[in-house]
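All residue numbers refer to positions in the sequence shown, counting from 1.
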Amino acid sequence: MSHLETMRTVLVIYTGGTIGMTRDKVSGALVPLDFAQVAKHVPELAHAGIRVEAVSFDVPMDSSDVSPRHWRSLANTVAECYNRFDGFVILHGTDTMAYSASALSFMLEGLQKPVIFTGSQLPIGIPRTDGRENLLSALMLAAHQTDGASTIQEVAVYFGNHLLRGNRSHKESAQSLQAIVSPNFPALVEAGVDFMIETSTLWRTPPTADGLQLHSGMRQEVAWVSLYPGMPLDLLRQTLEWPDLRGVVLATYGSGNAPTSQVLKDLLQKANQSGVTLLNVTQCGHGGVHPELYATSHMLAGCGVIPGHDMTTEAALTKLMHVLALTDDQGQIRDMMTANLRGELTPQDRSRAEAHGPAGAAGL
């Protein structure tokens, strides 16, 4: 068998972001490179034992401009190239990386290969850049196998020496090189001298799944409303009275609490009765919604608000878009929103160990 036949193949999808920026000599502003220029700054790619191909958005973009149509483009590219490559690395700006990683986790059902997002806080062409290590490690993890199969079989984010589940990720800092965190789920891999993989955290497609299934629909008629003390409820009323509204993610206090207001209760009940799906997530950086704990969260449950448990806001919004594109049936929507579809939430009726199998760690 030739060397080329034994090499692992990874497709890099370059969307833009800080990792592919350089300083304009005239204005000093950051401007995008193309991937060929990015690769020139990472000569180690030639020695990684990985055959890399690349495709790029026609115009590299700032991740602040990302929308569901870009998620569809990414998901379609993975689906179209799925049988030709062993893994995929998506270079993406950090600002909306957690949204895109969460969205793709729901759009790509039945993954048995890695789709790894990465980026950087510093442009790849400047000293002290974190982009070089992030890109190299993402490629190596995208190419890694265990017992003849891909070690990572889900959408993930590699950043700051950790591989995180994509739909558990969240951008915590605008300045730290550890900007992306996973507040409610441990890292899949920690990178030190070796890659240390926590086998108990890895997601595996249920054995009944029939290959990769692409779900490209994402309903955009959703809103995110964060409660705050003294909030005029007319603001919420105006949102809930949007004629096209299909779903709302409510960001509530603590473990899922809201004011004991009859006006609020009436607004939520009316929205629920009109077919708007209401989902409750916490404003806190860590933890989740537990509607059984306090009377104020009981009120929300009584209005038909679905507990989001420990989902991040990014996962909650993109999951809601995904589920609403699949069905209009309110019972099915509730069942799917409370189910652990891609590892985005901790099941409430069993422990994490039961959900993911026996714990263990192995060096790669």
Residue pair N134, S120: steps toward the side-chain hydrogen bond (donor to acceptor under 3.5 Å, both in side chains) verdict: CA-CA 7 Å; N134 285 348; S120 67; 5.9 Å; no
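- Residues passing the side chain to side chain donor-acceptor pair (under 3.5 Å) test with T252, sequence neighbours excluded: N280.
- Ion pair R168/E344 not flagged as a salt bridge, since none of the NZ, NE, NH1 or NH2 atoms sits closer than 4.0 Å to an Asp/Glu carboxylate oxygen.
- With sequence neighbours left out, F106 forms a ring-ring contact (aromatic ring centres under 6.0 Å, His included) with H322.
- Counting only N and O atoms by type, the side chains of S67 and H70 include a donor and acceptor under 3.5 Å apart.
- Legend: salt bridge (charged side-chain N to carboxylate O under 4.0 Å, His left out) pairs involving residues 239-249, not counting sequence neighbours, sorted by first then second residue: R246-D328.
- Counting heavy atoms from C-beta on, the side chains of E53 and V12 never come closer than 4.5 Å.
- Pairs engaging residues 86-98 under the salt bridge (charged side-chain N to carboxylate O under 4.0 Å, His left out) rule: R8-D86, D95-K171 [sequence neighbours left out].
- Atom OG1 of T318 is separated from atom OH of Y99 by 9.0 Å, given to the nearest 0.5 angstrom.
- Here D335 pairs with nothing under the side-chain contact (heavy atoms from CB on, under 4.5 Å) rule; sequence neighbours left out.
- In terms of the side-chain contact (heavy atoms from CB on, under 4.5 Å) criterion, residue partners of C81 (sequence neighbours excluded) are, by chain and number, L11, T77, R84, F85, F88.
- For residues 97-108, no pair satisfies salt bridge (charged side-chain N to carboxylate O under 4.0 Å, His left out), with sequence neighbours left out.
- Within the 3.5 Å criterion, the main-chain N or O of W203 finds a donor-acceptor partner in the side chain of E154.
- The side-chain contact (heavy atoms from CB on, under 4.5 Å) test applied to N161 returns E133, Y158, Q178, A191, not counting sequence neighbours.
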Identify all side-chain donor-acceptor contacts of residues 215-232 below 3.5 Å with residues at least two apart in sequence or on another chain.
| from | atom 1 | to | atom 2 | distance (Å) |
| --- | --- | --- | --- | --- |
| H215 | NE2 | E109 | OE1 | 2.6 |
| R219 | NE | E221 | OE1 | 3.0 |
| R219 | NH2 | E221 | OE2 | 3.1 |
| S226 | OG | Q283 | NE2 | 3.4 |

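- Not a single ring-ring contact (aromatic ring centres under 6.0 Å, His included) links H170 to another residue, sequence neighbours left out.
- Remark: T15 engages F57, L74, I90, H92 in a side-chain contact (heavy atoms from CB on, under 4.5 Å) (not counting sequence neighbours).
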Please tabulate, for the side chains in residues 268-276, all donor-acceptor contacts under 3.5 angstrom to protein atoms that are two or more places apart in sequence or on a different chain.
| from | atom 1 | to | atom 2 | distance (Å) |
| --- | --- | --- | --- | --- |
| S274 | OG | K270 | O | 3.4 |
| S274 | OG | A271 | O | 2.7 |

